[in-house]
2 protein chains.
Amino acid sequence: MTNDPGGAVPTISDVARAAGVSPSTVSYVLSGRRPISAQTRARVQAAIAELGFHPHAGARALASSRTNVLALVVPLRVDVNVPVIMQFVTAVVTAARAHNHDVLLLTKDEGTAGLERVAHSTMVDALIVMDVERDDLRLPALRGLRQPSVLIGLPDGAPGITCVDLDFAGAGAQALRHLHGHGHRQVALVGPSPAVYQRGTGYAGRFLSGFTEVSAELSLRTVAHPCEPSAAGVRDCLARIDADLPGATALVVHNEEALLPLLADLRADGRRVPQDLSVVAVCPRDVAVGMPVRLTSVDIPAHEVGTMAVEAAMGLLDGRSVAETTLLPPTLVERDSCGRPGAGSEISSSHC
Amino acid sequence: MTNDPGGAVPTISDVARAAGVSPSTVSYVLSGRRPISAQTRARVQAAIAELGFHPHAGARALASSRTNVLALVVPLRVDVNVPVIMQFVTAVVTAARAHNHDVLLLTKDEGTAGLERVAHSTMVDALIVMDVERDDLRLPALRGLRQPSVLIGLPDGAPGITCVDLDFAGAGAQALRHLHGHGHRQVALVGPSPAVYQRGTGYAGRFLSGFTEVSAELSLRTVAHPCEPSAAGVRDCLARIDADLPGATALVVHNEEALLPLLADLRADGRRVPQDLSVVAVCPRDVAVGMPVRLTSVDIPAHEVGTMAVEAAMGLLDGRSVAETTLLPPTLVERDSCGRPGAGSEISSSHC
DNA sequence: TTGAAAGCGATACCAA
DNA sequence: TTGGTATCGCTTTCAA
């Protein structure tokens, strides 16, 4: 690596001259878009290394109409689960890099204008949009862009845009089925914060509907309450559950941030998990594992979803056909927070 | 806004033709780099709106050697405080947008190669690097780039690169002085996880040294222990403190993730905050406020730091002179977690 | 297997 | 106050 600080930045022509070939040959060595003899390739590559040549991204974008950049729109609200968002972001950046793309970060609060700005100015090849609401105002704008987009989430109706998400209805169903299989007949759902429902974020409702359907199908007694993710909010929510369904033997918690205060609250109340109350959480693995009690959980596969979103975007860019909607099947992992109702302290973990 | 989907994307020449002026005039209307008569300007702007023209970012970058993009390098480790990172990111993106820049997201684990890739290919005008270690391997690489960079953090020695950070030594001093002012003479520091110290992240040591200096200066009895941010880690840490400094009447907690388990642990032990034990936290405001007890805290001003980092980068790009090191003074905010030692339940919040 | 040269779409210098 | 145009650095078609 011969760095030449102070010297001018080498261009493709400099490389061509040094290698004794034409600029186009250098370009083709770089892109592999046409066969090059081994010797020529070697000479060019030597010259590239020698000069420390790096193609100019802007020039490339101009000539090829490809930026190798993906836009990622993230929510920066505080009531949204920050660690989960970070997992999506990590997954997207990592997957994008694996496809030789970089990631331009947009915030949701720039709204439609932000999307159009980066798309119209050709800063990106495709867009990935997180935190999509059921009737998201940005959808029409996205449809109008020349670049393809991929949603993380599932809006109402046929969005006409590629969507990737966890099958939250399936997740709700699976959580409840699991508890039913362990003998529970009265189960309460601790949902996301009211703000999430009000915002019209789809996953909350989809999870609830899966939960509700299974409840009906299996003739269970269930209640569902949203929950503010704070010590006070959790206390409220538990009180309401005790009032509405005093015989509840299990909780499904679809609210990552409420988990810690909730477990603390139960403990302070002398209600042991899982001896007195079973808990199934819906959250990323590492959150479930990091709790005071290792929680049986339905995984939120942020990494997979993020990766699939990028794969879908790449597929669209390459002209491959891509399923409009991809719902990842839920995965429930047994850990230590779920026993049989009324098992008291004599819980046999082999049964759960 | 007359959208013309399906029609070709308009270029600056199309606008020029429509407005009856030359392309350069359109460019100057856009950039404001030379005086334009009001009528011409109006005609051009009308044409721009009419055609829905947006300058091509790549073409612009090529012609002007300015991308209007900032690289932001974020750590995606799990042991790092995710919400705090998100606050930095938010601040940087917001500030960058205020200066008409976008943000390209790089992960720390791409290391030196990632920095050089985006810099050499001229994808960005400047770089902002988070989570800088005391003797960070990336510093030499950053110094070799044509683009300026700004560090969030403070490496050892004279880095030769602009740095922005909270004055952690001052923060440690302030936390301890505050407790001393309220009568505490035996104070324990609950530090970040051992991993943070081992990684050589500077802020942990700087905080500790400020704490230690004040301890000596005021002849206090203090101990300091790192703390794994988990239920078990917190238990361990508290046990060690009880062993080493049984008379401790106050805790300084420089470990955001340990706060919740720590408070739960104290509560379970029947030790009330602040009646039996005072606590000063070091964390962002909203974290302090969101705890079961509203914590007196030294703020981690992620927003200010992120904003200042962007301002510094803009200053460097504009050729303004920028201080090599900017340490933001700490701010302690009184809330409800700090009383006089031995005050028991008769705490008078007016005194604290 | 390689080369020549015409763009890509802006900016900014040199003229008028 | 405005216009003409060379230039930025690369890709890709057309030719050989």
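In what follows, chains carry the letters A, B, and so on, assigned in the order in which the sequence lines appear, proteins first and then strands, with residues in each chain numbered from 1. As a basis for the values below, the full set of heavy atoms in this structure was taken, side chains included, without hydrogen atoms, waters or symmetry mates. Keep in mind the model is a prediction, meaning the values are calculated, not measured.
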Next on the checklist: Can you measure B/Arg43 atom CZ to D/dT1 atom P for me and round it to whole angstrom units?
Outcome noted: 15 Å

Item to check | Selection residues 302-312 of chain B - residue pairs positive for side chain to side chain donor-acceptor pair (under 3.5 Å), sequence neighbours left out | outcome: B/His99-B/Glu311

Checklist entry - Quick one: bend of the helix from C/dT1-D/dA16 to C/dA16-D/dT1 from 5 pairs per end, to 10°? => result 30°

Item to check | side-chain hydrogen bond (donor to acceptor under 3.5 Å, both in side chains) partners for A/Thr201, two or more places apart | outcome: A/Arg199

Next on the checklist: Can you list everything that forms a side-chain hydrogen bond (donor to acceptor under 3.5 Å, both in side chains) with B/Ser24? Sequence neighbours excluded, please.
Outcome noted: B/Ser22

Next on the checklist: Which residues pass the side-chain hydrogen bond (donor to acceptor under 3.5 Å, both in side chains) test with A/Arg41, not counting sequence neighbours?
Outcome noted: none

Checklist entry - Which residues satisfy the salt bridge (charged side-chain N to carboxylate O under 4.0 Å, His left out) test with B/Arg43, sequence neighbours excluded? => result none

Next on the checklist: Please confirm whether the shortest side-chain N or O distance from A/Arg33 to OP1 or OP2 of D/dT11 is below 4.0 Å.
Outcome noted: no

Next on the checklist: Show me the pairs that pass salt bridge (charged side-chain N to carboxylate O under 4.0 Å, His left out) and involve residues 52-73 of chain A, at least two apart or across chains.
Outcome noted: A/Arg66-A/Asp125, A/Arg66-A/Asp318

Checklist entry - Excluding sequence neighbours, so at least two apart, what forms side chain to side chain contact (heavy atoms under 4.5 Å, CB included) with A/Leu62? => result B/His56, B/Ala59, B/Leu62

Item to check | Heavy-atom side-chain proximity of B/Val118 to A/Asp102 below 4.5 angstrom | outcome: yes

Checklist entry - Taking only residues two or more places apart in sequence, or in another chain, which ones meet B/Thr40 in a side-chain hydrogen bond (donor to acceptor under 3.5 Å, both in side chains)? => result B/Ser37

Pairs: protein N or O with nucleotides 8-10 of chain D N or O, under 3.5 Å:
unit_1, atom_1, unit_2, atom_2, d
D/dG9, N2, A/Ala59, O, 3.4
D/dC10, OP1, A/His56, N, 3.3
D/dC10, OP2, A/Ile12, N, 2.4

Quick one: which protein N/O atoms are closer than 3.5 Å to N/O atoms of nucleotides 1-3 of chain C? Pair and distance per line, please.
unit_1, atom_1, unit_2, atom_2, d
C/dT2, OP1, A/Ser37, OG, 2.9
C/dT2, OP1, A/Thr40, OG1, 2.2
C/dT2, OP2, A/Ser37, N, 2.8
C/dT2, O4, A/Arg34, NH1, 3.0
C/dG3, OP2, A/Ser22, N, 3.0
C/dG3, OP2, A/Ser22, OG, 3.3
C/dG3, OP2, A/Thr25, OG1, 2.5
C/dG3, N7, A/Arg34, NH2, 2.9
C/dG3, O6, A/Arg34, NH1, 2.8

Checklist entry - Can you pull the salt bridge (charged side-chain N to carboxylate O under 4.0 Å, His left out) pairs that have at least one residue in residues 139-163 of chain B, sequence neighbours excluded? => result B/Arg134-B/Asp156

